[in-house]
2 protein chains.
Amino acid sequence: MPRQLHLNAFLMNTGHHEASWRLPESDPYAHVELDHYIRLARIAERGTFDSLFLADGPQLWGNIAQRPAGALEPLTLLTALATATQHIGLIATASTSYNSPYNLARKFASPDIISGGRAGWNIVTTAGAEAARNFGLDAEPAHAERYARAAEFLDVALKLWDSWEDDAIVADKAAGVWGDDSKIHPPRHKGTYFSVEGALNVPRSPQGYPLLVQAGSSEDGKAFAARYAEAVFTAQQTLADAQAFYADLKSRTKATGRDPEHIKVLPGIVPVIGSTEAEARANEQVLEDHIVHRHGVANLERLLQLPGRTLELDGQLPSDLPPEDAIEGAKSRYTLIVELARRERLTVRQLIGRLGGGRGHLTFAGTPEQVADAIETWFTQGAADGFNIMPAVLPSGLETFVDQVVPILRARGLLRTEYGSRRTLRERYGLPRPANQHVTTTPALASV
Amino acid sequence: MPRQLHLNAFLMNTGHHEASWRLPESDPYAHVELDHYIRLARIAERGTFDSLFLADGPQLWGNIAQRPAGALEPLTLLTALATATQHIGLIATASTSYNSPYNLARKFASPDIISGGRAGWNIVTTAGAEAARNFGLDAEPAHAERYARAAEFLDVALKLWDSWEDDAIVADKAAGVWGDDSKIHPPRHKGTYFSVEGALNVPRSPQGYPLLVQAGSSEDGKAFAARYAEAVFTAQQTLADAQAFYADLKSRTKATGRDPEHIKVLPGIVPVIGSTEAEARANEQVLEDHIVHRHGVANLERLLQLPGRTLELDGQLPSDLPPEDAIEGAKSRYTLIVELARRERLTVRQLIGRLGGGRGHLTFAGTPEQVADAIETWFTQGAADGFNIMPAVLPSGLETFVDQVVPILRARGLLRTEYGSRRTLRERYGLPRPANQHVTTTPALASV
């Protein structure tokens, strides 16, 4: 069997296009309706996607006039979805900056058990002062400090997930012995950011721990991914950039002593599909026509960390924007947007149109064949192990992708036709179940 | 219709009796199996219980040899149960000492939306150094400080739950206006323990916020309950004690300016049911025979904060135990146990037998009629608004209660026969939906 694509459905409210909620077909309350997400999950499962994914941040973004705001909390939502689906992986975003390892380790172990090993954690460090101010801080911690904390967070979480050996439960009713206490390993961790003494209060879950996913593409982000991540979501605008990112991340992963096959790279793509090229472009135009430009300008100013009313709708970006190093937020996204505008000499209005769909991810309008071709090219040319599918409109965009693009990918032998015997999320991504750090499974040969 | 009983099913692993997991009928892995909890929830729903409830603490208790340890995280578990049930309220325990208000407010708003208004929060301050050491502290915060933090936590959480007015979503597609930002009220809270600036990232939920439940019966606990709680779980061994507690709590609640009808008092009861009194006692004896006494002694020493190997199995408790004031843990439970042992002159072995079922809650062995009589007496004699039903063995004990005691309570007109039109948990408990603190629903008359 040829190498297989990995597909993740990135679910967001009524779709990734910021104006999607204004379409006649869209339910503007969808983001707080469980049934909406159940429907999406089942469509993705029909398309034999590896997983679905929800972004998150512990703050209310901007002004609620603009678009659907507030959302169901990802971990509780994904647990509800676990009971409504059978196969698909369930990836929730959670922040290492605004959680404690003990609580979060448990909150992921529990859905991993409930879902039979289908949980994943998209690890974020959460940029922005707005989030910081919801947790007793005046300003956000510096980028490097957030990543240092994230690394220690992961080390502690891994100790917690390994604090029960898989066979710690004995269940000997006759002897009155339920568990083997010698197979419990309290972390006894004392570090810079965390001090965690005791073992987790959940037995080891089917996957050992959730699939570890990451999406930061800054220098700190790539170093972190190379060390911990098993799947990486990334925003790439060109094949060449995507190839460079892919090669860089695989080589960094190898340099940490890990198998580069054990990190899967999934660029985001916003497919806008039509039965002809013209229809696809028309569908794209309908979305652009629904953009409220005053919102778009304000959002762009915030992304670029400019004061309000700096940008002119039909002007270019200022030439004196600061370098990425001076940005404390989402560094790599900043550079991507500035380079996109300069490379294609876009006006602010045009840039807003291009960002409206995917906020920096690749928007691709075309026929099902053309979308499948783009996916195959990136997949076979060293740019991707799979894709983060970000429909502009939900549920219709996901439905169209599953009904029209998935069959082509299957016919080309690039995508599974059924889930088969691989049951956990990690198995779907072709990754091994992690060994418990306290268990030596193979006898030491050095002493022979 | 006469005043109606409120019933809550307190679910715990294979049952509240510490030896329940050793019975032939018990599944020693039940506590990490979703299906076990779905089955229990459906039995309770068949019995038209108001709610079910899960205890919790952010630590692994003691030695796992003793009994099933570790558990599914309550909020994710209850969200999964929301999708498997239709009517029953879902109450999860979470700690104010080891969570941040922003995260926790959201984690309860989300299941309240998913369940259609059936979420409840059992507010605990979490005693014990073991939990503290999982969150960077060397020792537990003092009892009074935990309650001071809990009060500020509640004030912040209530601000967050009220940070969206109920009608903040406008969804005006034509105008491109999704929400009305003037109906968003960021807390801008700066206090002793917390500083929380921004609005919650979830719209206001069906109940406004989860039903607020509390179970501490110390002086601090009762003061807290009078101010915030809508339902109170309590351990009472005698009718007289329960009446005194009930009257005290209602009067404290009135003193804070609240309607004493708006706090429901539910003592715990461990019913051990047999078709005859002799059969009930025999069932109780089977459970006692399965107790491992070395575990019981160690647990009792920990509860009483005595050094290991202090207690003799066939001796009495020491006469020089410290007063409740000197205890930093579960104060009221300490006093209850010491008084029970002294009042009935119990040996350590006998005391362990009595505590084996309910850890201080009233164990009542009898026929279905006798159990119903006890419930009716407490309910009509000013000792209870309902009961926290704590079956010694699960699921069988809950099944027996629903099949044999519930019909008697219904025949006496004390318990609903169907859920009817009341849909939210708060409606089931006969409580009004809380008004949003930012909305004045009635015009001010003072100026007329």
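Below, read A as the first sequence line, B as the second, and so on, with proteins coming before strands; counting in each chain starts at 1.
At a 4.5 Å heavy-atom cutoff, the contact between A:His295 and chain B is made by side-chain atoms alone. For B:Phe194, no part lies near chain A; criterion is any non-hydrogen pair under 4.5 Å. Both the backbone and the side chain of A:Ala168 come within contact range of chain B, each with at least one heavy atom under 4.5 Å from a heavy atom of that chain. Neither the backbone nor the side chain of B:Ala82 comes within less than 4.5 Å of any heavy atom of chain A. For B:Ala84, no part lies under 4.5 angstrom from a heavy atom of chain A. Heavy atoms of B:Asp180 lying under 4.5 Å from chain A belong exclusively to its backbone. Neither the backbone nor the side chain of A:Leu78 has a heavy atom closer than 4.5 Å to any heavy atom of chain B. In this structure, chain B has heavy atoms under 4.5 Å from both the backbone and the side chain of A:Ile169. Of the two parts of A:Thr76, the backbone and the side chain both hold a non-hydrogen atom closer than 4.5 Å to a non-hydrogen atom of chain B. At a 4.5 Å heavy-atom cutoff, B:Ala109 makes no contact with chain A through either its backbone or its side chain. Residue contact with chain A, scored on non-hydrogen atoms closer than 4.5 Å, involves the backbone and the side chain of B:Ile64 alike. Looking at B:Leu72, the atoms closer than 4.5 Å to chain A (heavy atoms on both sides) sit in the backbone and in the side chain alike. Looking at A:Ala131, there are no atoms closer than 4.5 Å to chain B (heavy atoms on both sides), in backbone or side chain. Contact of B:Leu81 with chain A is not made at all, since no heavy-atom distance falls under 4.5 Å. Contacts between B:Asp35 and chain A at a heavy-atom distance below 4.5 Å are absent for every atom of the residue. In this structure, chain A has no heavy atom under 4.5 Å from any part of B:Trp61. Heavy atoms of A:Pro24 lying under 4.5 Å from chain B belong exclusively to its backbone.
The existence of a salt bridge linking A:Arg106 and B:Glu73 is excluded, since no basic side-chain nitrogen approaches an acidic carboxylate oxygen closer than 4.0 Å.
The shortest non-hydrogen separation linking A:Val202 to B:Ala71 is CG2-O, 3.5 Å. Closest approach of B:Pro28 and A:Ala171 over heavy atoms only: CG-CB, 3.6 Å. Scanning all heavy atoms of the two residues, the minimum distance from A:Arg22 to B:Gly176 falls at NE-CA, 3.4 Å. For the pair B:Leu60 and A:Tyr102, the tightest heavy-atom approach, listed with the atom from each and the gap, is N-OH, 3.5 Å.
At least one side-chain heavy atom of A:Pro58 sits less than 4.5 Å from a side-chain heavy atom of B:Asn103. Taking 4.5 Å as the limit, some side-chain heavy atom of A:Leu75 sits within range of a side-chain heavy atom of B:Lys107.
Between B:His31 and A:Trp178, the ring center distance clears the sub-6.0 Å criterion.
Side-chain contact annotation: B:Thr79 with A:Thr79, donor-acceptor N/O pair under 3.5 Å absent.
For CD of B:Gln86, the number of neighbouring non-hydrogen atoms (other residues, nucleotides, ligands) closer than 6.0 Å is 12 at most. Residue-environment remark: CG (B:Asp138) stays at or below the threshold of 12 foreign heavy atoms within 6.0 Å. Applying the 6.0 Å contact sphere to CZ of A:Arg423 captures no more than 12 heavy atoms from other residues, nucleotides or ligands. Heavy atoms of other residues, nucleotides or ligands lying less than 6.0 angstrom from CZ of A:Arg302 number more than 12.
Distance check, rounded to the nearest 0.5 Å: CD of B:Gln59 to CG of A:Leu200 gives 11.5 Å. Interatomic distance, B:Asn99 CG to A:Ser100 OG, rounded to the nearest 0.5 Å: 7.0 Å.
No other option in B:Asp181, B:Asp172, B:Val196 has as many heavy-atom pairs under 4.5 Å with chain A as B:Asp181. Ranked by heavy-atom pairs shorter than 4.5 Å toward chain A, the options B:Pro203, B:Ala69, B:Ala80, B:Ala199 are led by B:Ala69. For chain B, the option among A:Lys190, A:His189, A:Arg67 with the highest count of heavy-atom pairs below 4.5 Å is A:Arg67. Between chain B and the residues A:Asn201, A:Leu77, A:Ile114, the largest count of heavy-atom pairs under 4.5 Å involves A:Asn201. Heavy-atom pairs under 4.5 Å with chain A peak, among B:Val170, B:Asn134, B:Leu34, at B:Asn134. Considering only heavy-atom pairs separated by less than 4.5 Å from chain A, the leading option among B:Val292, B:Ile113, B:Ile38 is B:Ile113.
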